[in-house]
Each structure stands twice: as structure tokens, then as C-alpha cells.
Amino acid sequence: MKRVLSGIQPSGQLHLGNYFGMMKRMIRYQEENDLFCCIVNYHALTSVRDSNVLSENTLQAAIDFIALGMDPEKSTFWIQGDVPQVTELTWLISTVTGVGLMERGTSYKDKLARGLTPNMGLFNYPILMASDILLFGGELVPVGKDQKQHLEMTRDIAQKFNQTFGDVFIIPEPDISKELQMVPGTDGQKMSKSYDNIIPIFGEEKAIKKKVMSIVTDSTQVDEPKDFSAPVFQLLSLFLDEEGIAELKSTASKPGLGFGDVKLSLFETILAEFESARSKREVLMNRKDDVLDMLKMGAQKASDVAEEYLEKARIATGISYGS
Ligand code: ADP
Ligand code: TRP
């Protein structure tokens, strides 16, 4: 039984990229592993600037995750900020982290390239993420491909700390799905909350339909065979098994299929896939106090584990100087 750990930012509506890139696998992992999962609100603070938006998004992300199948009884599910020890460990490990390592961060460099004025939180983002993982002894970390470099940084930081101060941390392994590298957004680029290209998991049916109908397609006519690498086929394939994909591929390779029909079929598939999660979410929306209780229980469980690792790190570094 492995300790599987991951986190998700409450920086906007959860989307199909989040679901297939990380959430679905996390929910499945609960069955046979010791699962740790947090909503990383300290991370989201690097981009969200409105306190009401951040606190509401945080609770909403937790409700959505539970509606999709996260079980706070079986797993340890909490809000990052409810276990503030993570910020203390961030400081301890930042003292063994090279500035050059952070400067090579592609996610950081991308944001600079897009004209963002960086704050230190954004620069230190990968150290806080490393802290999330190391503080709880995470062994396996399910994430999308875009987080690969952050995981490599986490491993580097843990190794450096262990070499410098003695063996304290477990070196985590990334868990990146081989079949699924990147879920495309409506514009064909990586689906991301930071771009205006997401298809939300929840929300108004009308809004989902509008997003699905806006997916980019080429000008291939109904009587021509279609390019199966088009985003709409990639998206629909996410919901199908191997046989279903082969069937869709064969239909696409023959004339007679219109992109409009494929989009409608994707829309209906999305509604069907998340139908029961949608009803569960409705119930949870009216039971926010219960959700908060579940999250407090998760924070307590997480905190117990955090204290153990943190105390080891404090002693190893000499910050704890004995009682
Ligand atoms: P966003 O880019 O929308 O802000 P996050 O950075 O919060 O998403 O990502 C949360 C998790 O979902 C991460 O593990 C990330 O790798 C995964 N993820 C996000 N977008 C995609 C995508 N388009 N394809 C695959 N995985 C994704
Ligand atoms: N950086 C991750 C993302 O943007 C979120 C994250 C924060 C995370 N802490 C983590 C992922 C710990 C895995 C483990 O998606």
C-alpha cells in the first residue's frame, strides 16, 4: 500500500483536463492505497487577489472533488492552509534549493513570457509544492504532464536536503499517465484555467454546450474523411474504452460524419458521465457545514503526519535544539 499524494489549485472552475489528468486517477487510487489529497489555496494565492473568490473557490473545489468520488473517510482530504506547517517546511527546504533551479522552471518562465509581473510566491511555487509532498511522505504523485518538472524539482530538493542533513524525506515518484499526456482545450491548446479554453465538469448545461460547440475544427466537409487528431475526437476518446475509440476512428476515416454531430455526441457524453456526480454535488451544496467538518477532520489527520516529518526536519537542521 503506497502513500499517493496530490493537490489541485482552487483558482477557477474544475475542468476536463483536471479530471482526466489527475482527479479520476486519484479517486481510483483510493481503493487500494493510502491517499492524501489537498486543495492548495496557498498556491492559488499567487494568482487570485480577491479574498471572497479564493475562499469560495476553495470550498467549491472541495465539494466538486467529493461529488466526483473523493471519500474523506477513506482518504486524507484537506485544505492546504488548514495545515500551516507546510509553510515552515517550505522555509527549511528553501535553504537547500538553488536559485538557478527555480529560474529554470518552465511554468515560471512561461508566465514571465506572457507578461506577468512575478511575485516571490510565484517564484517559490515549486518549493511550496515540494513541501506539500515531503511533509506527508508522499511516495507516488499523480499529476498531468505539465507538472513533470515540478516533480523533478521536488526530487532534487529532497535529495539535497537528505545529503546535507541526513535521511529525512522519501524521494517521491511522479505518476503521469502514458496514454494521456495533455487534454486539449476548445482552442486545441492545453486546457487550463489560466486560458479561456476550458470545458467545465459542472455548471450550467447551456454553458457546457456553448463551450463544446466552440471547439476548433478544420474546414473538412461532411463528405470527407476526418483527421482523428482534431481536439473534438481527442476529447470524446477520453470517455471511451479501446473498442469505442477504434469504432470512432473508423467512422471518422469514412465520409459522412459532420463535426457538429461529433460535438453534440461529446456534449451528451459529458452530461451522462457526470450525471450522478452532479446530483451528489447538489446535495453537498446544501450541506456546506458537513463538508467543512469533513475537511477539518482531514486537516487533523494530515496535521498528525506533518508534525512527525516536520519535527524530524527541525531536529536534522538544528532548528529544534532539544528539550
Ligand atoms: P490549470 O492549468 O487549469 O490551472 P492545475 O494547474 O490546477 O490546472 O492542474 C491540476 C491538475 O490537473 C494537475 O495535476 C495538472 O497536471 C492536471 N491538468 C491540468 N490541465 C490539464 C490538461 N489540459 N491535461 C492534463 N492534465 C491537466
Ligand atoms: N502545482 C500543482 C498544479 O498546479 C498543484 C500542486 C500543489 C500539487 N501541490 C501539489 C500537485 C503537490 C501534486 C502534489 O497542478
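Remember, it's 1-based here, ligands and their atoms both numbered in the order they're listed. Being a predicted model, the structure only gives us computed values, none of them experimental. In this chain, numbering begins with 1 at the start of the sequence shown.
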Interfacing atoms of ligand 1 (cut-off 4.0 Å, heavy-atom, Gly21): 25 (C), 26 (N)
Is there a polar contact between ligand 1 and Ser11, counting only N or O atoms under 3.5 Å apart? no
Do Leu240 and Met191 sit in one hydrophobic cluster, given that two such residues count as connected whenever their side-chain heavy atoms are within less than 4.5 Å of each other, even indirectly? yes
Nearest-neighbour protein heavy atom for atom 12 (C) of ligand 2, which is reported as residue plus atom name and distance: Ile133 CG1, 3.7 Å
Atom 5 (P) of ligand 1: nearest protein contact (heavy atom, Å): Lys193 NZ, 3.6 Å
Counting only heavy atoms, which portion of Met22 has something under 4.0 Å from ligand 2: side chain, backbone, both, or neither? neither
If you have a sec, work out which protein heavy atom is nearest atom 1 (N) of ligand 2 and how many Å separate them, to one decimal? Tyr125 OH, 2.8 Å
Heteroatom distance test (Val143, ligand 1): nitrogen or oxygen, under 3.5 angstrom: no
Should you measure from each heavy atom of Val143, which atoms of ligand 2 turn up under 4.0 Å away? 11 (C), 13 (C)
Just grab all the ring-ring contact (aromatic ring centres under 6.0 Å, His included) pairs involving residues 163-193, residues at least two apart or on different chains. Phe161-Phe165, Phe161-Phe169
Regarding Glu242 and Lys249, does a basic nitrogen lie under 4.0 Å from an acidic carboxylate oxygen? no
Taking the six-membered ring for Trp and the full ring for Phe, Tyr or His, determine whether the centres of Phe202 and Tyr19 are under 6.0 Å apart. no
Near Gln147, which atoms of ligand 1 are under 4.0 Å from a heavy atom of that residue? 16 (O)
Could you tell me whether Met23 approaches ligand 1 through its side chain, its backbone, both or neither, with non-hydrogen atoms closer than 4.0 Å? neither
At less than 4.0 angstrom from any non-hydrogen atom of Met182, what atoms of ligand 1 do you find? 24 (N)
Atom indices of ligand 2 within 4.0 angstrom of Gln9 heavy atoms, with elements: 4 (O)
Enumerate the atoms of ligand 1 whose separation from the nearest heavy atom of Ile8 is less than 4.0 angstrom. 10 (C)
Atom 5 (C) of ligand 2: closest protein heavy atom, distance to 0.1 Å, is Gly7 O, 3.6 Å
May I ask you to check if ligand 1 and Lys145 share an N or O to N or O distance below 3.5 Å? no
Does the pair Asp304 and Gln300 meet the rule for a side-chain hydrogen bond (donor to acceptor under 3.5 Å, both in side chains), with working shown? CA-CA 6 Å; Asp304 291 345; Gln300 189 53 55; 3.2 Å; yes
Let's go through Lys254 and Ser250 carefully: what are the C-alpha distance in whole Å and the side-chain angles of both, what is the deciding distance for side-chain hydrogen bond (donor to acceptor under 3.5 Å, both in side chains) to 0.1 Å, and is it a yes or a no? CA-CA 7 Å; Lys254 294 175 202 142; Ser250 140; 3.2 Å; yes
Salt-bridged, Glu152 to Lys148, with N to O below 4.0 Å? yes
Does Asp146, backbone or side chain, put an N or O under 3.5 Å from an N or O of ligand 1? yes
For atom 9 (N) of ligand 2, what's the nearest protein heavy-atom neighbour? Residue, atom name and distance, please. Asp132 OD2, 2.7 Å
Heavy-atom pairs closer than 4.0 Å: do any link ligand 2 to the side chain of Asp146, the backbone, both, or neither? neither
Atom 12 (O) of ligand 1: which protein heavy atom is closest, and how many Å away? Asn18 ND2, 3.2 Å
Looking only at protein heavy atoms, which one is nearest to atom 24 (N) of ligand 1, and what is the separation? Val183 N, 2.9 Å
Indicate if Tyr309 and Val141 have the same hydrophobic cluster label, given that clusters are the connected sets of ILVMFWY residues with side-chain heavy-atom separations under 4.5 angstrom. yes
For Gln80, which part has a heavy atom under 4.0 Å from ligand 2: side chain, backbone, both, or neither? neither
Val141 neighbourhood, listing ligand 2 atoms whose heavy-atom distance to it stays under 4.0 Å: 13 (C), 14 (C)
Can you name the atoms of ligand 2, numbered from 1 with element, that are less than 4.0 Å from a heavy atom of Val40? 7 (C), 9 (N)
Tell me whether Phe123 is reachable from Leu101 by hopping between hydrophobic residues (I, L, V, M, F, W, Y) whose side-chain heavy atoms are closer than 4.5 Å. yes
Heteroatom distance test (Gly144, ligand 1): nitrogen or oxygen, under 3.5 angstrom: yes
Is any side-chain heavy atom of Tyr42 closer than 4.5 Å to a side-chain heavy atom of Thr90? no
Pairing donors with acceptors under 3.5 angstrom, does anything connect the side chains of Gln149 and Ser107? no
Taking Asp175 as the fixed residue, which of Leu140, Val143, Leu151, Val4 is the one that meets the side chain to side chain contact (heavy atoms under 4.5 Å, CB included) rule? Leu140
Quick check on Lys145: does its NZ atom have over 12 non-hydrogen neighbours (other residues, nucleotides or ligands) under 6.0 Å away? no
Quick one: look at Met191 and ligand 1, take heavy-atom pairs under 4.0 Å, and tell me if it's side chain, backbone, both or neither. both
Among non-hydrogen protein atoms, atom 18 (N) of ligand 1 lies closest to Gly17 O, 3.7 Å
Going by salt bridge (charged side-chain N to carboxylate O under 4.0 Å, His left out), name the residues that satisfy it together with Glu173, two or more places apart in sequence or in a different chain. Arg155
Lys/Arg N to Asp/Glu carboxylate O, Arg314 vs Glu88, below 4.0 Å: yes
Distance under 6.0 Å and angle within 45° of ring axis: Lys111 vs Tyr108: no
Which protein non-hydrogen atom lies closest to atom 2 (C) of ligand 2, naming both residue and atom, and how far is it? Gln147 OE1, 3.3 Å
